[in-house]
Every structure is written in C-alpha cells, then in structure tokens.
Amino acid sequence: MQRLIAAGIAVLAGFAVTAGAAAAQTLDKIKQRGVLVVGSKADYKPFGFRDPAGNIVGFEPDLAKDVADRLGVKLELEPVVSSNRMQFLQQGKIDLMIATMNATPERRQAVGIIDPSYYASGVNVLANKKAAFKAWEQLKDQKICGIQGAWYNKAVAEKYGADIVAFKGQTEAETALLQGNCVGWLYDDTAFVERLGDPKWAGFEMSLETILPQPWGVAVKLEERDGAWGQFMAQTIADWHRSGRLIELETKWHIPPSALLKQMHEAK
C-alpha cells in the first residue's frame with residue numbers, strides 16, 4: 001500500500017513539474033514564433049476600437065504594442081468581446097488579454113489575472129433623458145440594454161429589478177438604445193464618457209451615481225499566472241505605473257484622469 005501511495009505521489013509530482021515546465025515555456029514560444037497574440041476590444045473607444053483604415057487602435061492596443069516591443073516580437077491583435085475573451089485565452093487563441101476586463105474573484109478562478117491592475121471603472125447607465133433617472137431604484141421593470149458576459153448584469157437585475165436585455169457587443173446595444181428598444185444601457189462608466197460629448201447622444205445622460213467600482217486586469221492562462229509569463233507581465237505593469245506610461249496614454253487618448261493611476265504612480 002505504501003508503495004502505491006508513493007507511486008501516486010510521484011505521478012502527481014511529475015504532472016506538476018510538466019505543467020510548470022509548459023507554463024515556463026510560454027515566453028520562449030512567443031519569442032520563437034516571433035509574434036505575440038493579444039486579445040483586445042475593437043468596439044470600446046478609446047480603449048480599443050477600429051480606426052478609419054480598420055486597424056485596432058487605442059489605449060489597450062498601445063499597451064499590447066509595448067509588451068511586444070519588450071519581447072522583441074511582432075504584435076497581432078485579436079478582436080474579442082466580453083462573452084468570448086476568457087474562452088479565447090483558455091483555448092490558446094491568444095497569449096494575453098488586455099480587454100477592459102474587471103478583475104472579479106470569479107474571473108480570477110478562470111483565468112490568470114495579473115496584479116497590479118492597470119485601470120479601473122465603475123458601473124453606470126446611459127439613459128434617455130426622458131426617463132429622468134435619479135436613483136437606481138427607478139430601473140425596476142425597465143428594459144435596460146446590457147452586454148453579454150458583463151459580471152454586473154445579474155447583480156443590477158437582482159438588486160434593482162431591471163429587465164436586462166443583453167447583446168453580444170456595443171454596436172448592438174447602441175442600436176437598440178437609439179431605436180428605443182431599451183430606455184438605458186448598463187455598462188462601464190468609462191465607455192460613456194466620450195459618447196456624452198458626441199452630438200449623436202445629446203438626448204441621453206449618465207445621471208446616476210457610479211456603483212460597483214472594480215479594477216481592470218491583464219490576464220494570461222490560469223496555470224501561467226505564477227510562472228515566467230505571469231511574472232513578466234506583473235513586472236511590466238508595475239513599470240507602466242512607475243514610469244507614468246499609463247498616465248501618458250490616458251492623456252494621449254483624451255481619457256479623464258483616473259484616481260487609480262495617479263495613486264499607483266505616486267506609490268511607485
């Protein structure tokens with residue numbers, strides 16, 4: 001019996017070593033391939049969106065380019081949305097995810113979210129001014145557009161009684177809101193800032209108090225979080241804060257100053 005137990009332990013140890021070795025090889029694989037594949041939003045201006053030529057640009061693609069430059073490889077951006085970004089990472093379709101993802105405890109169990117965080121946002125509603133929302137409780141029984149995969153959909157529906165109609169991406173949610181299929185759109189407050197300055201959205205407002213603030217996390221595969229790849233990204237993000245790179249990109253993309261970035265930069 002003792003021999004069997006010892007053999008079992010040896011097998012498990014072998015699996016652990018193999019898994020660790022596989023994770024440790026990620027950086028080598030990227031360098032050998034000469035390409036870093038990063039999952040980025042392509043519909044979340046100014047964090048990740050398509051320019052007139054169809055290229056994905058923005059705050060997060062710039063971060064992805066910085067990682068590729070540090071590795072001395074080319075960058076390939078893979079467009080992702082909230083409903084598929086974690087699956088793309090788990091399936092190996094992307095090496096890294098920088099895609100406006102809130103670092104929730106549940107998501108930390110599914111993918112390797114790296115600390116420190118690189119940004120933060122809260123939750124709010126872009127609503128038709130005619131709705132005159134002044135309190136979250138007014139969302140009860142109201143049709144509210146949402147995005148599939150957004151972690152706060154269930155929380156807002158349960159607490160405030162909103163009837164969440166979830167769409168695959170921002171384009172679909174925008175269209176539904178503009179066509180009057182929803183009275184408001186539940187999403188990250190950061191996504192609404194630029195829209196509110198666009199005449200197209202003159203009939204809408206973000207009048208509620210922002211709730212559920214959450215940090216954003218860069219992610220690798222779960223098993224790679226504590227390995228060489230995860231450690232490399234942790235050091236890179238820390239350097240972004242220390243050098244002020246994140247604040248520079250915030251200014252470049254006309255994003256309102258973030259309290260988190262100021263705090264993290266001063267702390268480094």
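What you see is a predicted model, and the numbers here were worked out from it, not measured in a lab.
For E250 (side chain) and S258 (main-chain N/O), a donor-acceptor pair under 3.5 Å exists by modelled atom type.
Between W201 and F204, the ring-plane angle classifies as perpendicular under the 30° and 60° cut-offs.
Considering only heavy atoms from C-beta on, L249 stays 4.5 Å or farther from W240 through its side chain. Side-chain atoms of T236 and D66, non-hydrogen and from C-beta on, do get closer than 4.5 Å to each other. Residues Y187 and V123 form no side-chain contact, since every pair of their non-hydrogen atoms from C-beta on lies 4.5 Å or further apart. When side chains are defined from C-beta on, S243 does not count as touching H265, because their heavy atoms never get closer than 4.5 Å.
Linking ILVMFWY side-chain heavy atoms closer than 4.5 Å, directly or via other members, places V220 and L222 in two distinct hydrophobic clusters. F167 and W185 fall into different hydrophobic clusters, where Ile, Leu, Val, Met, Phe, Trp and Tyr side chains are chained together by heavy-atom contacts under 4.5 Å.
Here V37 is tied into one hydrophobic group with V35, V80, M86, F88, L89, I94, M97, M101, V111, I113, each link being a pair of ILVMFWY side chains closer than 4.5 Å.
Aromatic pair F47/Y119: ring centres closer than 6.0 Å. For Y44 and F59, the ring centers sit 6.0 Å or farther from each other. If you look at F49 and W253, their ring centroids are closer than 6.0 Å.
Among the candidates K29, R33, K221, the single residue satisfying the salt bridge (charged side-chain N to carboxylate O under 4.0 Å, His left out) test with D95 is R33.
Residues R245 and D62 are not paired through a salt bridge, judged by the lack of any N-O separation under 4.0 Å between the basic side chain and the carboxylate. The pair K252-E248 fails the salt-bridge criterion, with no side-chain N (NZ, NE, NH1 or NH2) lying under 4.0 Å from an Asp/Glu carboxylate O. Ion pairing between a basic and an acidic side chain is recognised when a charged N comes within 4.0 Å of a carboxylate O; D198 and K45 show no such pairing.
Here the straight-line distance linking atom OG of S207 with atom CG of N124 works out to 7.5 Å at 0.5 Å rounding.
Applying the side chain to side chain donor-acceptor pair (under 3.5 Å) test to residues at least two apart or on different chains, the pairs with a partner in residues 146-170 are N102-W151, K143-D163, Y152-D188, Q170-R195.
For the 3.5 Å distance criterion, the side chains of T26 and E224 qualify, holding a donor opposite an acceptor.
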